[in-house]
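Order of the sequence lines sets the chain letters (A, B, ...), proteins ahead of strands, with each chain counted from 1.
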Amino acid sequence: MKFSKYLILAVLLVMTWSCSSNDGNKPSTTDTEAINIVATTGMIADMVSVVGGDKVSVRGLMGPGVDPHLYKASAGDVALLSKADLIFYNGLHLEGKMTEIFQQMTKRGIKTVAVSDGIDRKYLMAPPEFKGNYDPHVWFDVGMWSDTVGTVKESLIEFDPDNSEYYNDSAEAYLSELADLDEYVQQRADSLPEDKRVLITAHDAFNYFGRGYGFEVKGLQGISTESEAGTADVQALAAIIVERQIPAIFVETSVPPRYIEAVQAAVQSKGFDVRVGGELFSDAMGNPGTPEGNYIGMVRHNVNTIVNALGQGGES
Amino acid sequence: MEVSALINDLFFDYTLRTVALGSAVLGIVSGALGSYAVLRKQSLLGDAMSHAALPGIAIAFLLTGSKQSLILILGAAIAGWIGTLFVMSIVRSTRIKFDSALGLVLSVFFGFGLVLLTIIQKRPDATQAGLDKFLFGQAAALLERDVITMGVLGAIAILTMMVFWKEFKLLSFDADFGATLGFPMRLLDILLTTLIVLAIVLGLQTVGVVLMSAMVVAPAAAARQWTDRLGTMVLLSSIFGAIAGIVGALLSSSIDRLPTGPTIVLCISVIVILSLFFAPARGLFWNWLRERKNRGRLHVEAVLEGLYSLALSHENLEHPHSVAVLRLIGSGKGGVEKSLRKLEEQGLVKSTNTDEWALTNAGINQVRKLAKNREGNN
Amino acid sequence: MSINAIEVEDLTVAYKEKPVLWDIDLTVPEGVLMAIVGPNGAGKTTLIKAILNLVNTAAGQVKIYGKSSSDQRRLVGYVPQRGSVDWDFPTSVKDVVMMGRYGALGWIKRPGKKEQDLAIQALDKVGMSQFADRQISQLSGGQQQRVFLARALVQDAQIYLMDEPFQGVDATTERAIVSLLQELRASGKTVVVVHHDLQTVPEYFDWTTLLNVRLIASGPVKEVFTEDNLRLTYGGRVSFLKQNNGNGISDLDQKTG
């Protein structure tokens, strides 16, 4: 059948085309003099563009809804990274599938910085079943996240010492905003009675949030979405929800909602009605241009969603 | 977790019940239809089809933006079907053999699927489909409506199989002969292949693309060991599949962080290994036992005849000889004494006070009988 | 004037542009017992399959009792080569024979008592009735051949096409099969057999077709089975078997077309 030969050819062509480089998110400035920076998560890209201002041109690899635990860099991404002046990533194995790439970039002489280096190790948590690895979701404790601002600032100054005053000023301004944010979150958290402060999500992204603001936190999957939840995990979580009469559970934008829906169905079959209290931004921010499209907006959205849902008490 | 509590949960706990039911449906359908794939020597076709389904899932999402199970399943089925067509036409129009064509299509489609997944992960909209969960399945996330869909589609597949039972038997055993009877064998082939594709896409949500081929091949391979009848084989295959599904769900329910899909595959693998070794007629273990027994019997006969040939050089056929001499004439590299003792038990040899061995009358007669039998068989 | 059971006109079959059968014109009158002979690669199996409409033809047509073969399925029984199936398939002897009745049963209907009885009868005729419930993998070559024969018999067809039914069969079985074939002919059936043993052609068959991609000759054995024709067919040294001589055919130089 000659037809099939053409079909095979067509398939191969499509594959080759799709392998060609595609661009990541649009840079924040079009200034050609700007420092070319590539960041991994949206939160980091946001921070760098605030601290760097118009001196930097930042591209983020992972957009809204992207799961950094599972993200595999494409050839296009690698091309982007290798042309960068500076690379910022989270570290602590959040970008689980990119470790070798970061090593490669360092070898090529590009300064590759893990922003979590700025956090004192004694503040980090290591969950028992992950033997030796720290929980990487460091951005939900605003105070802890503020520590990373210094790392970013210093890297920028090291690369571009002429503008050190500029970076110092913008960093200071941002830190002040973050301090306000921290207070806001604490305030909202405190408005919930203590026994209602139980946060159940799709994966363990909120441990630092819980510790920082007084919530008990449980995720269905572990600290990486790579692990598949087993039947026992779904059952256990459902049992806890029913036992503690928790009114709301939460889905995340970067994790498929199926598992949470399964938990909800299990809970409902036990006669308790738990609602999905809303969508939280866990490993990625919202769409650019929306209020949740930057770090501060995202954190505010999260805490409001959580407090409103848990404060209401069970309604369908 | 106690067994009784587990069984109780099987019926009354929503999650366990749903997962176990879904897995059982998967096991039954893939076991039954997989029998045909195995018998037609197309086992790896299941593997190729399930890997080929990956781009179908991705494209279905890209085209419709929906994460609905039914839509993704449809995409998987179409892609799996196209993959099969590719394999068939490559075999028909080139010199490439069936298994090479399978490998080709499998890797090209699967690679294409991975590329599409990588592209999708970059999309700016925040509703990600979790498509890569189709790689290994997400059994624990099965909802009741998923199981109902699986059940209905699975029932249709099984029913069709039963309606066309003799036609499929004909197709699998002697398709040419079927054609001479006037049956449209090409159409039947397409129908059967469609049912197999259906079985595969049903299972994709539970065990995923990578492992699905195991569920198509393993239950049937295990069942073949136990029976020589097609009907029994298909039935057993379904039962094995169902058992693996339910046990997998139960195990995953009692141990934390144990993913359900892979556990099911492990269960069916255990069933296969047990069947390979212990099935009555074909089991490797029984073959080994039988061979040992035969070898023992042959050895005993050899020793008996060795004694006879030694005795022939003497006037008296009951002239005794030592064990050492017997060993020398190579009646057996070892175990001569053991065989002698067995012969003694049967009254065919006797030992002397000088630790030597001689044939008895009965022994002499036995040797002659054996020789006659052997001539008769030639 | 006898009726023609099979009429083949201008039949050409090619595999990847290489001719396997070239321009065959063949007439098989009703009621003959015909042997098709030729060297390896002569297209004998292909001819049978083409008559049965199992292979694609490049040219030509086949008529069974004047109509196309797809309309006459009921009238033709097929005994394929033994090696064409996997004998490890999980089924019994009786089951295989009953498959011959599937055509009469039509779609969906399962075989019942009537089919079972017919199967046992056919197995009786070939001397295999005590093996009825035996798993087919436990059969010897000759037994497998007889099962295929029984399967065709149970169809109660008018024409039987058989592909090397004597392959690897012992002398007793061969004699039994031959007498069965002659019985069929005596009752007015037409039997066409692809045969590999030149020595027995004059003894078993009354008609023969010599084939080597092209039709060399076809007709009554006495007229057509000559040394000249055989040399044309086999293209090499052929010591011809004279009827009362008993010299064997040796060293057939079997050249492919």
Side-chain angles (χ1 to χ4, degrees), chain B residues 32 34-43 91-96 159-188 191 220-237 279-282, chain C residues 16 45 48-49 51-56 69-82 84-96 98-112 115 133-138 147-148 151-152 154-155 157 159-161 163:
Chain B
S35 306
Y36 291 96
V38 168
L39 286 174
R40 303 179 75 197
K41 312 252 185 288
Q42 294 180 331
S43 310
V91 169
R92 239 196 302 273
S93 47
T94 72
R95 306 180 80 130
I96 299 178
L159 217 65
T160 311
M161 177 191 83
M162 288 175 50
V163 162
F164 292 105
W165 181 260
K166 75 170 193 292
E167 285 78 4
F168 286 151
K169 189 196 283 196
L170 196 52
L171 175 69
S172 309
F173 178 63
D174 196 348
D176 270 349
F177 183 72
T180 70
L181 290 178
F183 286 102
M185 300 317 274
R186 277 275 292 165
L187 286 181
L188 283 170
L191 181 59
R224 184 70 186 89
Q225 293 288 103
W226 296 87
T227 176
D228 281 332
R229 291 280 178 274
L230 182 63
T232 317
M233 177 179 167
V234 170
L235 184 63
L236 259 186
S237 184
R282 296 165 152 234
Chain C
K16 291 198 200 306
T45 299
I48 297 283
K49 287 196 168 173
I51 294 175
L52 288 166
N53 206 9
L54 290 175
V55 294
N56 289 330
S69 43
S70 29
D71 293 333
Q72 303 282 53
R73 297 280 188 203
R74 285 171 302 109
L75 298 180
V76 185
Y78 178 40
V79 181
Q81 285 192 22
R82 234 187 327 125
S84 61
V85 300
D86 177 16
W87 290 91
D88 205 29
F89 196 86
T91 186
S92 67
V93 164
K94 190 168 60 174
D95 236 10
V96 172
M98 283 201 285
M99 286 186 196
R101 295 300 302 171
Y102 283 4
L105 280 171
W107 285 98
I108 300 174
K109 247 182 89 180
R110 304 265 186 104
E115 285 72 28
D133 291 314
R134 194 72 66 89
Q135 155 70 8
I136 57 180
S137 63
Q138 295 169 358
V147 170
F148 266 0
R151 185 177 69 172
V154 106
Q155 287 180 256
I159 303 174
Y160 289 95
L161 299 176
D163 199 344

Please report the shortest heavy-atom distance between [X] and [Y], naming the atom on each side.
| X | Y | answer |
| --- | --- | --- |
| B:Pro184 | C:Trp107 | CD-CZ2, 3.3 Å |
| B:Glu167 | C:Ile108 | OE2-N, 2.8 Å |
| B:Thr180 | C:Arg73 | O-CD, 3.2 Å |
| C:Asp133 | B:Arg229 | O-NH2, 3.3 Å |

To the closest 0.5 Å, what do you measure between [atom1] ([X]) and [atom2] ([Y])?
| X | Y | atom1 | atom2 | answer |
| --- | --- | --- | --- | --- |
| B:Lys166 | C:Met99 | NZ | CE | 11.5 Å |
| C:Tyr102 | B:Leu170 | OH | CG | 6.5 Å |
| B:Asp228 | C:Arg134 | CG | CZ | 11.5 Å |

Might you work through the side-chain contact (heavy atoms from CB on, under 4.5 Å) test for C:Phe148 and B:Asp174, ending with a clear yes or no? CA-CA 11 Å; C:Phe148 266 0; B:Asp174 196 348; 4.1 Å; yes

Counting neighbours of CZ on B:Arg186 that are heavy atoms of other residues, nucleotides or ligands and sit closer than 6.0 Å, is the number greater than 12? no

Just wondering, more than 12 heavy atoms not from C:Arg74 lying within 6.0 Å of its CZ? no

For [X], is it the side chain, the backbone, both or neither that has a heavy atom under 4.5 Å from a heavy atom of chain C?
| X | answer |
| --- | --- |
| B:Ser172 | both |
| B:Lys169 | both |
| B:Phe173 | both |

Kindly indicate whether the side chain of C:Thr91, heavy atoms from C-beta on, has any atom under 4.5 Å from the side chain of B:Leu230. no

Given side chains that start at C-beta, do those of B:Leu39 and C:Pro90 come closer than 4.5 Å, heavy atoms only? yes

Please flag which part of [X] lies under 4.5 Å from any non-hydrogen atom of chain B: side chain, backbone, both or neither.
| X | answer |
| --- | --- |
| C:Asp88 | both |
| C:Ser70 | neither |
| C:Leu54 | side chain |
| C:Leu161 | neither |
| C:Val79 | neither |

With a 4.5 Å cut-off on heavy-atom pairs, point out which of C:Asp95, C:Val85, C:Leu105 contacts chain B the most. C:Val85

Of the listed residues (B:Thr227, B:Leu188, B:Thr232), which shares the most heavy-atom pairs with chain C below a 4.5 Å separation? B:Leu188

Cationic N near anionic O, under 4.0 Å, B:Asp176 to C:Lys49: yes

